A.B. asks: 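There's a structure below that I have some questions on.
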Amino acid sequence: MKMNKLLFILGLLFCFQSLSAQAYMVVRKKGSTRRYEYRPGDFLKYKQKGREFFYNDRITEFADSTIVLENNIIRIDQIEIINVANAFSNRSPMLRSAETLLPIAGYGLLAIDLFNNSVIEGNKFTLDDGTTATSAALVLTGYTLKWIRRKKVDLRKPKFEAFIIGN
């Protein structure tokens with residue numbers, strides 16, 4: 001019985017030894033832990049050297065230092081700027097969700113207070129100073145988090161690098 005399990009595991013090992021990890025591209029600032037990852041199937045928005053506008057294309061595969069896109073084949077050193085606004089990042093999930101949820105919470109607090117004050121209590125349509133200040137702080141904090149997040153990486157600057165892992 002034990003021999004059958006051992007042979008089964010060895011058989012699986014030999015059958016699947018050709019499998020390897022999928023290649024992906026990393027864009028990062030040197031000396032920093034922040035990284036942006038692109039995998040096949042992701043959209044890459046980039047500005048190519050010598051061009052004036054951004055291209056948006058889906059990645060199909062990576063080969064050495066080449067990115068194969070649906071409508072283009074480009075080397076990493078031909079890319080000037082990458083828009084990393086929608087890339088997968090190792091940024092804290094709490095910060096990622098806070099930039100979306102804080103404005104919603106602020107607007108929701110203001111709406112609930114207006115509904116409670118005017119409809120439930122029957123008062124005149126007015127804004128409470130404390131609730132308005134709290135709501136404004138929540139909305140402003142959420143939009144500030146979104147505003148200060150890096151949106152573009154300029155690969156012409158030596159402090160940024162892009163490379164492919166897994167080939």
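Note: hydrogens, waters and symmetry copies are ignored here, and every other heavy atom, side chains too, is used. For the single chain, residues carry numbers from 1 onward in sequence order. From a predicted model like this one, the values you see are computed outputs, not experimental measurements.
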A.B. asks: Rounded to the nearest 0.5 Å, what separation is found between the CG atom of D42 and the OH atom of Y36?
C.D. replies: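 One finds 15.0 Å between CG of D42 and OH of Y36.
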
A.B. asks: Which pairs count as side-chain hydrogen bond (donor to acceptor under 3.5 Å, both in side chains) when at least one residue sits in residues 90-110, sequence neighbours excluded?
C.D. replies: R34-N90, R91-E99, E99-R149

A.B. asks: Donor-acceptor pair, distance only, cut-off 3.5 Å: does the side chain of K30 make one with the backbone of P158?
C.D. replies: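 Checked: pair present.
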
A.B. asks: Give me the atom names and distance for the closest heavy-atom approach of S135 to G106.
C.D. replies: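 For S135 versus G106, the nearest heavy atoms are OG-O, 2.5 Å.
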
A.B. asks: Mark yes when over 12 heavy atoms from residues, nucleotides or ligands other than N86 sit less than 6.0 Å from its CG; otherwise mark no.
C.D. replies: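 Check fails, neighbour count at 12 or below.
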
A.B. asks: F160 and side chain to side chain contact (heavy atoms under 4.5 Å, CB included): which partner among I81, V27, L155, I82?
C.D. replies: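 Among the candidates, only L155 passes.
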
A.B. asks: State the NZ-NZ distance between K151 and K45, to the nearest 0.5 angstrom.
C.D. replies: 12.5 Å

A.B. asks: So which atom in A87 and which in E37 form the shortest heavy-atom distance, rounded to 0.1 Å?
C.D. replies: CB-O, 4.2 Å

A.B. asks: Side-chain contact test, heavy atoms from C-beta onward, threshold under 4.5 Å: evaluate it for V84 versus Y38 and give yes or no.
C.D. replies: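 A side-chain contact under 4.5 Å exists here.
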
A.B. asks: Is there a path from L138 to L95 through hydrophobic residues (I, L, V, M, F, W, Y) whose side chains come within less than 4.5 Å of each other?
C.D. replies: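 Result: yes, single cluster for both.
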
A.B. asks: Residues in side-chain hydrogen bond (donor to acceptor under 3.5 Å, both in side chains) with D128, at least two apart?
C.D. replies: T131

A.B. asks: Which heavy atom of G142 sits nearest a heavy atom of P103, and at what distance?
C.D. replies: CA-CD, 3.7 Å

A.B. asks: Supply the atom-to-atom distance E70 CD to L44 CG, rounded to the nearest 0.5 angstrom.
C.D. replies: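 Going from the CD atom of E70 to the CG atom of L44 covers 12.0 Å.
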
A.B. asks: Given Y46, which of N83, N72, V153 fulfils the side chain to side chain contact (heavy atoms under 4.5 Å, CB included) condition?
C.D. replies: N72

A.B. asks: If hydrophobic clusters are built by linking Ile, Leu, Val, Met, Phe, Trp and Tyr wherever their side-chain heavy atoms come under 4.5 Å apart, do F163 and Y24 end up in the same one?
C.D. replies: yes

A.B. asks: CD1 of I73: more than 12 outside heavy atoms within 6.0 angstrom?
C.D. replies: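 No, because the 6.0 Å sphere around CD1 of I73 holds 12 heavy atoms or fewer from other groups.
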
A.B. asks: Can you name the residues that form a side-chain hydrogen bond (donor to acceptor under 3.5 Å, both in side chains) with D77, not counting sequence neighbours?
C.D. replies: R75

A.B. asks: Under 4.5 Å between any side-chain heavy atoms of I67 and I79, yes or no?
C.D. replies: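 In short, these two side chains touch, coming nearer than 4.5 Å.
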
A.B. asks: Locate the shortest heavy-atom distance separating T66 from I164; write the atom from each residue and the value.
C.D. replies: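 Minimum heavy-atom separation between T66 and I164: O-CD1, 3.7 Å.
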
A.B. asks: Membership question, hydrophobic clusters at under 4.5 Å side-chain separation (ILVMFWY): are I59 and I74 in the same one?
C.D. replies: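 They do share one cluster, since a chain of ILVMFWY contacts under 4.5 Å joins I74 to I59.
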
A.B. asks: Just how far is it from atom CD of Q78 to atom CD of Q48, taken to the nearest 0.5 Å?
C.D. replies: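 The CD atom of Q78 sits 5.5 Å away from the CD atom of Q48.
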
A.B. asks: If I take atom CG from residue L69 and atom OH from residue Y55, how far apart are they, to the nearest 0.5 angstrom?
C.D. replies: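 One finds 11.5 Å between CG of L69 and OH of Y55.
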
A.B. asks: Measuring from atom CZ of F53 to atom NZ of K47, what distance do you get when rounded to the nearest 0.5 angstrom?
C.D. replies: 10.5 Å

A.B. asks: So, does S65 use its side chain to make a donor-acceptor pair with the main chain of I76 at under 3.5 Å?
C.D. replies: no

